[in-house]
Amino acid sequence: MSAKQKIAVIGAGLMGHGIAQVFAVGGHHVTVYDAYQPALESLSTRIAANLRGLGLPEDAAGKVRGEGDLEKAVFDADVVIEAAPEKLELKRSIFADLVSLAPREAILASNTSVIPITDIADGLETGDRILGTHWWNPPFLVPLVEVVGTVGTAPGVVAAMIDLLASVGKTPVHVKKDVAGFVGNRLQHALWREAIAIVAEGIADARTVDTVVKSSFGRRLAVLGPLENADLVGTDLTLDIHNVVLKHLNREPSPSPYLAELVGSGKLGMKSGEGFRTWSEEEMSTLRARVAQYLRDFKAPD
């Protein structure tokens, strides 16, 4: 592939416009497809606002073009990244179209966060060029992208995607088995499951759980991963701790009834003003701003 490539992004929403921005800043020309015209009309404005917030030149927004026709968006693309809602049948339908509309040599990637890529690619032709690229929100602030192939994905396609992502400043990692949730979300939701269980069992309230995480091991996670930590304290101590605590941890295979009860009663978190906690407009705005500022200011360890 050429140094500067034609990137097509399917979906102009939260993830799609952020992914497009990353490639545009990297010097690539990007076409973003969306059937919802207002999302396309606000595309450049949203990207420009992000760039201003990062102190970057806004001219990169000019490298991104909106397109309401899927065939026109992908007909000459080198790489296509699907960023549609997390619904398997929708993604399969999109990929069925991409297989026929994009050039045969184009790499086709899904930004799914949990759906196995094998399920998306099942039965589709040219599966050798289909893979997953799981970006994290917001894509232009969180460096990680999990690159996931199926047993049918050509190794060269995985390598080419990793090289491309690294060239635009991302931190790509190769997930070697195509499993639900990949690596990051398996780890994240194992923590969430235990956090919800602690609240449901009355061990501590939601605010306390969040405070414990943020004020203890959460502070060192950016510089000390869990397995580095295990090696640091010693695998023997880790084994001793596991012999005591693991049998007490939640391992229900289904979502928590407590969580289902919250959803059933309309307590949907910040979108409804109440979830595990109640939220005022000021609290929500403050938290969102704090997270965004932290991610903008964060300096990766050497």
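In this text, all values refer to a predicted model and were calculated from it rather than measured experimentally.
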Taking side chain as C-beta onward, heavy atoms only, is L268 less than 4.5 Å from V263?
-> yes

Applying the 4.5 Å side-chain criterion to the ILVMFWY set and letting contacts propagate, would L88 and I81 be lumped into a single cluster?
-> no

Look at atom CD of E194 and say whether more than 12 heavy atoms of other residues, nucleotides or ligands are closer to it than 6.0 Å.
-> yes

Is it true that V64 and I10 fall in one hydrophobic cluster, defined by side-chain heavy atoms closer than 4.5 Å?
-> no

If Ile, Leu, Val, Met, Phe, Trp and Tyr residues are connected whenever their side-chain heavy atoms lie under 4.5 Å apart, and connections chain through other members, are V142 and F298 in the same group?
-> yes

CG on D128 to OG1 on T153, rounded to 0.5 Å = 8.0 Å

Trace of the side-chain hydrogen bond (donor to acceptor under 3.5 Å, both in side chains) decision for T238 with T235 = CA-CA 5 Å; T238 301; T235 55; over 6 Å; no

Pick from V173, V175, L165: which one makes a side-chain contact (heavy atoms from CB on, under 4.5 Å) with V147?
-> L165

Short question: side chain of K91, backbone of A121 - any donor-acceptor pair under 3.5 Å?
-> no

Evaluate side-chain contact (heavy atoms from CB on, under 4.5 Å) for F276 paired with Y258, printing each intermediate quantity in order.
-> CA-CA 10 Å; F276 291 101; Y258 182 83; 3.6 Å; yes

Counting only N and O atoms by type, is there a donor-acceptor contact under 3.5 Å from the side chain of R251 to the main-chain atoms of L249?
-> yes

If we only count heavy atoms from C-beta on, is the V74 to Y33 side-chain gap below 4.5 Å?
-> no

Side chains of W136 and E146 in contact at under 4.5 Å (non-hydrogen atoms) = yes

Any side-chain donor near an acceptor of the partner, N50 and Q21, under 3.5 Å = yes

So, R65 side chain and V30 main chain: donor-acceptor pair closer than 3.5 Å or not?
-> no

For Y36, does the OH atom sit with more than 12 other heavy atoms under 6.0 Å from it, leaving out its own atoms?
-> no

Indicate the ring-plane relationship of F182 and H134, choosing parallel, tilted or perpendicular according to the 30° and 60° boundaries.
-> tilted

If you round to the nearest 0.5 Å, how far is CD1 of I94 from CG of L90?
-> 4.0 Å

Heavy-atom donor-acceptor pair, R193 side chain to P253 backbone, under 3.5 Å | no

Interatomic distance, K63 atom NZ to H28 atom NE2 [nearest 0.5 angstrom] | 10.0 Å

Below 4.0 angstrom, N of the basic side chain to O of the carboxylate: do E67 and K72 qualify?
-> no

Is the count of non-hydrogen atoms from other residues, nucleotides or ligands lying under 6.0 Å from E71 atom CD greater than 12?
-> no

Do the side chain of K247 and the main chain of H242 share a donor and acceptor less than 3.5 angstrom apart?
-> no

Spacing of CD1 belonging to I203 relative to OG1 belonging to T208, to within rounding of 0.5 Å | 12.0 Å

pair V157-M161: side-chain heavy atoms closer than 4.5 Å = no

Please confirm whether the backbone N or O of L224 pairs with a side-chain atom of N229, one donor and one acceptor, at under 3.5 Å?
-> no

Please round to the nearest 0.5 Å and tell me the distance separating atom NZ of K87 and atom OG of S93.
-> 13.5 Å

Take atom CD in Q293; do more than 12 heavy atoms of anything else shown fall under 6.0 Å from it?
-> yes

Begin with the C-alpha distance, continue with both residues' side-chain angles, and end with the deciding distance and a verdict on side-chain hydrogen bond (donor to acceptor under 3.5 Å, both in side chains) for T118 and D178.
-> CA-CA 7 Å; T118 301; D178 181 26; 2.5 Å; yes

From CA spacing to verdict: side-chain contact (heavy atoms from CB on, under 4.5 Å), D205, V199 = CA-CA 5 Å; D205 62 22; V199 174; 5.8 Å; no

Nearest-0.5 Å distance, CD1 of residue I7 to CG of residue D78 | 6.5 Å

Transitively linked via ILVMFWY side-chain contacts under 4.5 Å: M15 with L43?
-> yes

Backbone of E283 reached by a side-chain donor or acceptor of S280 within 3.5 Å | yes

